Amino acid sequence: MDLFTLKQNIMESAEAGAAAIMKLQSPKSDELTQRQAYEFAGEGWIDRHTRNGNLKPVRMGKAQNSPRVYSRLEIIALKQAEKLGATLK
């Protein structure tokens, strides 16, 4: 692993750490609706990882049409794991 890649991994880890602190301080700020998650990470990426079981959205109510909420921290951590897995290959 070169120095640039290592620096990128450290910066992404810091971002994930900041997101974890935000979730602890204000749990509501970690929640993204499906539309917000699509804007944050891309519709195809969110759908693929939800279908594969890597992301687990939570319904905010009991009704079938209740909004699905994703965790910003979970998305950031999965993106980082995906990048790290690609650099280790």
Side-chain angles (χ1 to χ4, degrees):
M1 184 180 309
D2 65 338
L3 191 58
F4 178 77
T5 306
L6 183 60
K7 180 189 78 146
Q8 289 299 109
N9 287 337
I10 290 170
M11 289 172 55
E12 290 168 359
S13 295
E15 181 184 3
I21 289 171
M22 288 289 293
K23 183 176 183 175
L24 288 174
Q25 290 179 344
S26 176
K28 200 82 165 146
S29 69
D30 182 60
E31 296 175 353
L32 296 174
T33 63
Q34 188 163 8
R35 179 179 293 174
Q36 291 170 329
Y38 284 170
E39 290 171 2
F40 185 72
E43 184 174 347
W45 191 89
I46 293 289
D47 288 344
R48 182 176 74 242
H49 286 289
T50 301
R51 187 173 49 251
N52 292 341
N54 299 326
L55 286 175
K56 297 184 180 17
V58 176
R59 289 223 182 257
M60 291 309 292
K62 295 182 181 189
Q64 184 89 7
N65 62 345
S66 297
R68 296 168 70 179
V69 176
Y70 292 84
S71 166
R72 182 187 311 266
L73 176 59
E74 189 176 1
I75 292 170
I76 290 171
L78 185 56
K79 280 187 160 291
Q80 184 178 0
E82 204 173 51
K83 286 180 186 176
L84 188 58
T87 59
L88 293 177
K89 286 184 179 180

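Quick caveat, the model's predicted, so the values are computed rather than measured. The analysis underlying the following values was restricted to heavy atoms, covering all of them including side chains, and did not include hydrogens, waters or symmetry mates.
Criterion: ILVMFWY side-chain heavy atoms under 4.5 Å apart, direct or through other members. Under it, Leu73 and Tyr70 are not part of a common hydrophobic cluster.
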| request: Decide yes or no on side chain to side chain contact (heavy atoms under 4.5 Å, CB included) for Val69 and Gln36, but give the supporting numbers first. | output: CA-CA 9 Å; Val69 176; Gln36 291 170 329; over 6 Å; no
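The CZ atom of Phe40 lies 12.5 Å from the OG1 atom of Thr33; values are rounded to the nearest 0.5 Å.
Judged by distance alone, the side chain of Asp30 and the main-chain N or O of Arg72 form a donor-acceptor pair under 3.5 Å.
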For residues 57-65, which side-chain N or O atoms pair as donor and acceptor with protein atoms under 3.5 Å away, sequence neighbours left out?
residue: Arg59; atom: NH1; partner: Gln64; partner atom: O; Å: 3.4
residue: Arg59; atom: NH1; partner: Ser66; partner atom: O; Å: 2.6

May I have the list of side-chain donor-acceptor pairs in residues 11-18 shorter than 3.5 Å, sequence neighbours left out?
residue: Glu12; atom: OE2; partner: Lys83; partner atom: NZ; Å: 3.2
residue: Ser13; atom: OG; partner: Asn9; partner atom: O; Å: 2.9
residue: Ser13; atom: OG; partner: Gln80; partner atom: NE2; Å: 2.7

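The side-chain hydrogen bond (donor to acceptor under 3.5 Å, both in side chains) test applied to Glu74 returns no partner, not counting sequence neighbours.
Using a 4.5 Å cut-off on side-chain heavy atoms (C-beta onward), Ile75 and Leu32 make contact. Side-chain atoms of Trp45 and Thr50, non-hydrogen and from C-beta on, never get closer than 4.5 Å to each other.
Under a 4.0 Å N-O distance rule, the pair Lys28/Glu31 qualifies as a salt bridge.
Summarising the local packing, CZ of Arg48 is surrounded by more than 12 heavy atoms from other residues, nucleotides or ligands at distances under 6.0 Å.
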